[in-house]
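Okay, structure first, notes after.
Bear in mind the structure is a predicted one, so any value in this text is a computation, not a measurement. Sequence lines set the chain letters: A, B, ... in the order given, protein chains first and strands last, and positions in each chain run from 1.
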Amino acid sequence: MPTDQSSTQLPIVNDFSITVGTVNGSGSQTSNLTILRALFKMGIPVSGKNLFPSNIQGLPTWYTIRVSKDGYLARRAEHEIVIAMNPASFAQDLAGCVPGGVFLYDDSIKLAITRDDISAYAMPVKTLARESGAPSNLRDYVANMVYVGILAQIVGIDMDTIYQALDFHFKSKIKPIELNFNVIKAAHQWAVENLTKTDPYRVEAMDATKDYIMADGNTAAALGAIYGGVQFSAWYPITPATSLPESLIEYLPILRKDESGKETYAIVQAEDELAAIGMATGAGWGGLRAMTATSGPGISLMAEFTGLAYFSETPVVVWDVQRMGPSTGLPTRTSQGDLNLCYFLGHGDTKHIVLLPGSVTECFEFGWKAFDIAERLQTPVFVLSDLDMGMNQWMAKPFQYPDTPMDRGKILWETDLEKLTEPWGRYLDKDGDGIPYRTLPGNRHPDSAYFARGTGHDEYAHYSEDPDVWVSQMNRLNKKFENARPILPKPVIQRREGAKIGVIAFGSTDPAISEACDYLGVEGVPVDYLRLLALPISEEVNEFVESHERVYVVEMNRDGQLCQILTIELPDRCTRLISLTHNDGLQVTANWVKAAILAEESK
Amino acid sequence: MPTDQSSTQLPIVNDFSITVGTVNGSGSQTSNLTILRALFKMGIPVSGKNLFPSNIQGLPTWYTIRVSKDGYLARRAEHEIVIAMNPASFAQDLAGCVPGGVFLYDDSIKLAITRDDISAYAMPVKTLARESGAPSNLRDYVANMVYVGILAQIVGIDMDTIYQALDFHFKSKIKPIELNFNVIKAAHQWAVENLTKTDPYRVEAMDATKDYIMADGNTAAALGAIYGGVQFSAWYPITPATSLPESLIEYLPILRKDESGKETYAIVQAEDELAAIGMATGAGWGGLRAMTATSGPGISLMAEFTGLAYFSETPVVVWDVQRMGPSTGLPTRTSQGDLNLCYFLGHGDTKHIVLLPGSVTECFEFGWKAFDIAERLQTPVFVLSDLDMGMNQWMAKPFQYPDTPMDRGKILWETDLEKLTEPWGRYLDKDGDGIPYRTLPGNRHPDSAYFARGTGHDEYAHYSEDPDVWVSQMNRLNKKFENARPILPKPVIQRREGAKIGVIAFGSTDPAISEACDYLGVEGVPVDYLRLLALPISEEVNEFVESHERVYVVEMNRDGQLCQILTIELPDRCTRLISLTHNDGLQVTANWVKAAILAEESK
Amino acid sequence: MSRQVQVNLANLTKSDYRGAQSTLCQGCGHNSIASQIIAACYELNIVPENLVKFSGIGCSSKSPTYFLGRSFGFNGLHGRMPSLATGALFADTSLLSMGISGDGDTASIGMGQFKHIMRRNVPMVYIVENNGVYGLTKGQFSATAEEGLSLKKQGANPYMPVDIVWEAVVAKSSFVARSFAGDPKQVKELIKAAMSHKGIAILDIISPCVTFNNQDASHHSYTWGKEHEVALHELSYVPPAEDILVDYKEGETIEVEMHDGSQVVLRKLENDYDPTDRAGILCMLEEANRMGELITGLIYINPGQKSLFEMYNLVDEPLNRLTEERLRPAKETITELNAMMF
Amino acid sequence: MSRQVQVNLANLTKSDYRGAQSTLCQGCGHNSIASQIIAACYELNIVPENLVKFSGIGCSSKSPTYFLGRSFGFNGLHGRMPSLATGALFADTSLLSMGISGDGDTASIGMGQFKHIMRRNVPMVYIVENNGVYGLTKGQFSATAEEGLSLKKQGANPYMPVDIVWEAVVAKSSFVARSFAGDPKQVKELIKAAMSHKGIAILDIISPCVTFNNQDASHHSYTWGKEHEVALHELSYVPPAEDILVDYKEGETIEVEMHDGSQVVLRKLENDYDPTDRAGILCMLEEANRMGELITGLIYINPGQKSLFEMYNLVDEPLNRLTEERLRPAKETITELNAMMF
Ligand SMILES: Cc1ncc(C[n+]2csc(CCOP(=O)(O)OP(=O)(O)O)c2C)c(N)n1
Ligand SMILES: Cc1ncc(C[n+]2csc(CCOP(=O)(O)OP(=O)(O)O)c2C)c(N)n1
Ligand code: SF4
Ligand code: SF4
Ligand SMILES: [Mg+2]
Ligand SMILES: [Mg+2]
């Protein structure tokens, strides 16, 4: 197929999205990842997002790969190249293709192409799969490789990088590599021989991914936790958190090889989330770096134990990979709707440290840092990720080895107790920073033991109903929380010349916001952008709000939860805050952010 | 004993507090209630508060009766008359008596009276109990009647009203009445013969209680629920909520007599709070007026089900009789610390109606109104009481028969469905008020059934992951919530001539705030007082804040939870809000409120 | 004669008992159970409006949408179906009820509520679609997974399995049965018998997850079930007022009389077995576990045990149809009441 | 010779095993159990620092403060002691552990965690101080209250009781015993035996609540216990490396060898009873329930069952003493790792 000639348009290079519409459970994930990896290997910035239903097999699923020479990784709402493999979503897929776009479809789907403003190419999927010689039980599976080959030919994906992608995927196992690659090659060849390119989309090798890796947030979080020395994790399966503990199970044996040949950690699948947080809290109390991972429903169930951990001052790390709530909600859609609940989780006055990673790299970083913070402050730490960050493929800066030694916080062992001149008290604010010293079970010093509890206690951990004792312990907890502000990860601020307005956001919306800021700059509306990395907020946030006329708080929930928290934290300046929320379960796009801000600005 | 003569001070009449220090489980409650009731029968405003430990027997307990000619019912920190029955708290009790106060003590306690600025009277408790002729197993119990008799003599409580009080307590059973009254009489007689009054405290009959009743909030709430037609309650025991469902069990058979001789309701003791709210939600979905009652730990456990009820639009009433948290905290101390949690309970974006009764009378009123609101809005309704309101004895306006018929909300039965011209949809906003129509299981119309769920659904209750459907349902829920504002109980506003500042409070602090407002008026600092009865707030609150220079938000928790909520609700005016919090587990006093406001005002 | 759609005594066709199109995997045991529920309800002439459905969360718990589309239903929370159903059933005690749960839903997160609904003998057919795995979250061990089972990404299961039947018998459930989705006839007859039971009827149905736990050696696979199933008896349900058609020899059968007048006829196979003798049952189950047998059939029954609603002396009308007059005490009572509050 | 305070082999006096002053009611069964825990630990020469205590919420769950004041402990949440303990015990698997719970804490709210800790065979002496009532909330029915029991303010209990022992046997708990606070010697010997067991040891101890549920006819009262207790055997604990002192006739005793070399000697009484035969036990319990007997003694034991920590191949050192070098992968690995993330 001679490229470029039949089209009068200018070529569109490395700047479009490819969406594959298929049936879940059909094994298309390997094909999609192969395309993604091949593009990445070509040095082109890419991101991959899976939009899947809450079932296991047979319903429509879409995988979208964004190719962006500018390095934009956010979701776009537009689909330039659509690959239609599913009769059930065929009409919708066809309608979703942009004018001038590409529509590749399985020719066994006998539905009419009702548009003439696109380039439609029929693919002989079944035929090529049959001809592949794949055993019949694998035929449906390799059928997905057909579109890899044809797409590769149409847009010009390098076949070598495709081979490398397969090699990676199949861990260099030659048999499956060859089986799949042969199908791709055959499809590619078929396209060369049979298709006439009528569209402008193509890829060209770049050099923009060399210093990057590609990973999903859940894997990154698990790896970070491993570098943070995780010793105990109890968990209960829930979408989209499951792959986080499953990655612990996968990677711990690889990365944590003790010379004894034995294990320095334990992972327990609990019977539910009440037990998962219970076990993790017990382990944290015992002095292990302990964590759990869950999503909204699990957070709800963890409320009581979180209160106990807060009040007994037990370090424990909870990853909340958010999905759309309330209730069971949309288990396979993304959201930032648990922020308020996590921040205040528990009855009575409770407040928790919340970390807000905004990239896969930060998932890794907070994977280890969360333990340092939890143990330093002796309190639960929530890390809020979401489905989009946790389960999708992101191009990201490589993981950095921790730049500080592990901070185990204030722990007294036998020899430490021996050196003390005054009696030790579990809840005594010896250093005036609100953080007491703790001992751990197994400490054999006769003064080491104490009885932990969720009931009122004095500085020596004795039961107390005394009003003054209660007040003083509650106030010390508050002091500890206030003192956390300066030691938590600082917000990241991107400034632009002449910006009078600002944006505050957190988490997985970062790529969309950054991209939107570029667009707004082009539109003549320069904005500064503060990305929050933790709650409670630090002084920088105050200053940021103070130094802007209006500050847009962009988040993916209905009620503007971050905006509410900032309002409480900054009552003096809260009238500058404007809440912009996006809550349909799909990741926010740069265009949405841009339009929302422009609409407000023109009011 | 000749009264009044030996004392040079002016008599102090009907304006002091009596505190009995005793051991819990010793049966002093009957004695204390007898004193309380007798005073009430004498027409003198009184309130009674029990300060008890979190165990069953053997630890110090105090019962304080405030006598107030001005009708002030709040706790005071001062104890004018102290009755010391417990050796363990003797020293503390002695120290706690105000200078010039009265100290009555059991003469078998062989501890020194180390003060000479008080009138100390030894009581021959054991002797008189022995002489009472009570059977030996009841002797400890009747010993408590000794102080009733002696106190009656010293301050002048009418013996007839004491008899009436006993008659009430023992439901006119002559044997226990006589047994106890005889001890009281003997003690009274002993005092006449042996004591010389050296103190100024006395009571005099008034006419200030005629239009009042005396009750605790939990009983009132249960009674209100019965008048609200409660049909189902599932509960799990927890202090201080337990007596609410127990009152349902006590009063339902008395007040709800069906002509069939059968029961129109069911009360189920569940295995825990998860099951209690689950059963209540199921019953609410089934069309029953369903409720549960719990306290902080139970609220934490109800988070997940509350989210389901919110999202599936199921009416259910949850009473939270608050105690001091976080965690197990101080189970027998009062607090208003669950406000924030209840308002936002659940993951994802959830918000709930919260009712805030400020008196026993309102506990009754909200007991029935909560059902109307829950069924009208098809959503969970939280009613926040607390230990002080729920378990202590309050003088209050009589219960009012409901002034509106039961509002069962929008329910369609067979005949209603037959009349419809368009297809019914469970989540269709037919009336434009955000509130859909519901059908109930048992409806035999073939179109009536629908499948309820916590997952995404469209207007016809079909499963949906469609982004637009999700957004529209979430927005409708929000609209429903916004529309609730005008129909919820309105705040009660007390104004004072010339007031430039205001106070906002809610719940059981009302007596203390009212009293403090009087004092502040006297000090030349007139304040207006808005008592909030519900969340979300209504326009009146906005106006109140707008029309005052500074508004003090007084509440019993650490973090100023109501102030935070008001800040979110009224960002434009939030800088006028000043948070005053009291969080030691004891009820706030008027003096504390006064001092706190004066301190701020003089800044 | 034109082709007529067949109807049952309730004048309904089979398709009146269907629900939405299943979105479960092809071959999933849960689908075949749903078919048997449809068949049983059709054959029992149940009016769909007279039945209410409940479920928790899981692939299994989704299936109530795939049958009886004309019945009310509530797909609740993971592990909490029992409490939701208990409350809801008070609304109208004339309704039949069916709850569908999974092994994770019942034996992992739901263990507490599962045990407590049995203590209360809530009248409900409670089906556990037991596949030893969490289907909907893609293949982790549930509490019924056998010790040593290996699953992708999970390694080997270190813990001992929960035996649903055993738990039910010990909890004094008044009707306990086990079946296998690969034995549709037995499933159907058991469902019919369960529908005639007036208390809780626990049906532990081995229902293979073809996607995540159908290896031949897995104790919840089709292959394993086929090879290890040992039926206690041949079971037939005989509706009220119908005669037992087949003549059995004296001593060959046990007939259990249900509260609605129907009968469950158990034709003995090799085992000599009394489904009312709890101690004997426990011994039999222990022995079967030792032998690796999958015992199926009606394992325990006590048709006379007091049901939840027999513990409450409720009015005859459905509670959810009572009017204000029946529910709100008369106006006069308020004065008396206030007089009590002195 | 001056009076000397007696010490045990650990060189500790009895009072080294005491805790704070009890705030429970006088006569409460829980107090007498606490005394036996103190006595057993003293006699076993346990160093208090080598033991860690757990409890839920309730009068029973308060009692860990009243013994072993020198041991670490955690008084957790209502019904959630098992999960808290499971996590904590991973910190240092060389510690002994004891959990105290109530019948409400274990069988009502705690049923799920109770069943699951047994599945995992967590090494812990798990004592249920069973009084059939909620003591701390002042006298409501717990899940072990017998059907028909009447309590002030509550009316009569309509539901069937949970039998802790039965639940434990069915859950395959590796050590199950029942005792009665009114039989202190048996309580003490059972605690000693339980402390030598390497897996979970469930002790269901009937422990009367004198304030709320001690009516003679109540199944959890002193009177009822005294009248209905049937001990399975006379039980003595023989520490490791000590010889069995008394000579029993052949066939008169069963000796159970524990993993630490100690022995539990069961001298038969009227029953012929094998505590390793689960099926037999279930029959015996069913029969005893029918007869209204309170069977006490060591009911089931399987000393060989794999404990939780045998399922995990943990390093020998306590996990909570591992240093950064053992926990954080070496710096070099990060490059490799990133290379894997393409
Ligand atoms: C509180 C809570 N935790 C976790 C989940 C995630 N989740 C959904 S289904 C499921 C397991 C279902 O397993 P099972 O009951 O055996 O049903 P199956 O899918 O195997 O039929 C889990 C853990 C959830 N929905 N809610
Ligand atoms: C989540 C929660 N619900 C309820 C309570 C209140 N509560 C405290 S103790 C208790 C029952 C204790 O009963 P049991 O375990 O039998 O102990 P006992 O007091 O009888 O020894 C309850 C319901 C609580 N602390 N936490
Ligand atoms: S994943 Fe398993 S349980 Fe779920 S639908 Fe598929 S086969 Fe059935
Ligand atoms: S109330 Fe009962 S259980 Fe609690 S301490 Fe008293 S006797 Fe013991
Ligand atoms: Mg399953
Ligand atoms: Mg108890």
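Of the two parts of B:Val268, the backbone and the side chain both hold a non-hydrogen atom closer than 4.5 Å to a non-hydrogen atom of chain C. Residue contact with chain B, scored on non-hydrogen atoms closer than 4.5 Å, is absent for C:Leu51. At a 4.5 Å heavy-atom cutoff, B:Ala280 makes no contact with chain C through either its backbone or its side chain. For B:Ala234, no part lies near chain C; criterion is any non-hydrogen pair under 4.5 Å. Interface remark: B:Phe399 contributes backbone and side-chain atoms alike to the contact with chain C (heavy atom separation under 4.5 Å). Of the two parts of B:Leu440, the backbone and the side chain both hold a non-hydrogen atom closer than 4.5 Å to a non-hydrogen atom of chain C. With a 4.5 Å cut-off on non-hydrogen atoms, C:Met340 touches chain B through its backbone and its side chain both. Both the backbone and the side chain of C:Val315 come within contact range of chain B, each with at least one heavy atom under 4.5 Å from a heavy atom of that chain.
Ranking B:Gly287, B:Pro405, B:Gly454 against chain C, the residue ahead of the rest is B:Pro405, based on heavy-atom pairs under 4.5 Å. Contact count against chain C (heavy-atom pairs under 4.5 Å) is highest for B:Ala452 among B:Ala452, B:Gly278, B:Ala283, B:Ala266. The choice from C:Ile57, C:Leu77, C:Val52 that makes the most heavy-atom pairs within less than 4.5 Å of chain B is C:Leu77. No other option in B:Gly307, B:Ala461, B:Pro398, B:Ala396 has as many heavy-atom pairs under 4.5 Å with chain C as B:Pro398. Chain B forms the most heavy-atom pairs under 4.5 Å with one residue out of C:Ala330, C:Gly19, C:Ala339, and that residue is C:Ala330.
Residue pairs meeting the salt bridge (Lys or Arg N to Asp or Glu O under 4.0 Å) criterion with at least one member in residues 82-91 of chain C, sequence neighbours excluded, do not occur.
At least one side-chain heavy atom of C:Met341 sits under 4.5 Å from a side-chain heavy atom of B:Leu223. Contact annotation: the side chain of C:Ile334 approaches that of B:Phe364 to within less than 4.5 Å [non-hydrogen atoms, C-beta and beyond].
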Are there donor-acceptor atom pairs under 3.5 Å between chain C and chain B, and if so which?
| unit_1 | atom_1 | unit_2 | atom_2 | d |
| --- | --- | --- | --- | --- |
| C:Asn50 | OD1 | B:Arg444 | NE | 2.6 |
| C:Asn50 | OD1 | B:Arg444 | NH2 | 3.2 |
| C:Gly73 | N | B:Tyr450 | O | 3.2 |
| C:Gly73 | O | B:Ala452 | N | 2.8 |
| C:Asn75 | N | B:Ala452 | O | 2.8 |
| C:Asp92 | OD2 | B:Arg444 | NH1 | 3.1 |
| C:Ser94 | OG | B:Arg444 | NH2 | 3.3 |
| C:Arg120 | NH1 | B:Glu271 | OE1 | 3.0 |
| C:Arg120 | NH2 | B:Gln269 | O | 3.3 |
| C:Arg120 | NH2 | B:Glu271 | OE1 | 2.9 |
| C:Tyr312 | OH | B:Ile267 | O | 3.0 |
| C:Asn313 | O | B:Glu263 | N | 2.7 |
| C:Val315 | N | B:Glu263 | O | 2.9 |
| C:Asp316 | OD1 | B:Lys262 | NZ | 2.9 |
| C:Leu319 | O | B:Gln231 | NE2 | 2.7 |
| C:Asn320 | ND2 | B:Gly286 | O | 2.9 |
| C:Asn320 | ND2 | B:Pro441 | O | 3.0 |
| C:Arg321 | NH1 | B:Glu414 | OE1 | 3.2 |
| C:Arg321 | NH2 | B:Glu414 | OE2 | 2.8 |
| C:Arg321 | NH2 | B:Gly442 | O | 2.8 |
| C:Glu324 | OE1 | B:Met406 | N | 2.8 |
| C:Glu324 | OE2 | B:Met406 | N | 3.3 |
| C:Arg326 | NE | B:Asp258 | OD1 | 2.6 |
| C:Arg326 | NH2 | B:Asp258 | OD2 | 3.1 |
| C:Leu327 | O | B:Arg256 | NE | 2.7 |
| C:Arg328 | NE | B:Tyr227 | O | 2.6 |
| C:Arg328 | NH1 | B:Thr404 | O | 2.9 |
| C:Arg328 | NH2 | B:Tyr227 | O | 3.3 |
| C:Pro329 | O | B:Tyr401 | OH | 2.7 |
| C:Thr333 | OG1 | B:Tyr227 | OH | 2.6 |
| C:Asn338 | OD1 | B:Phe399 | N | 2.8 |
| C:Asn338 | ND2 | B:Phe399 | O | 2.9 |
| C:Met341 | O | B:Met214 | N | 2.6 |

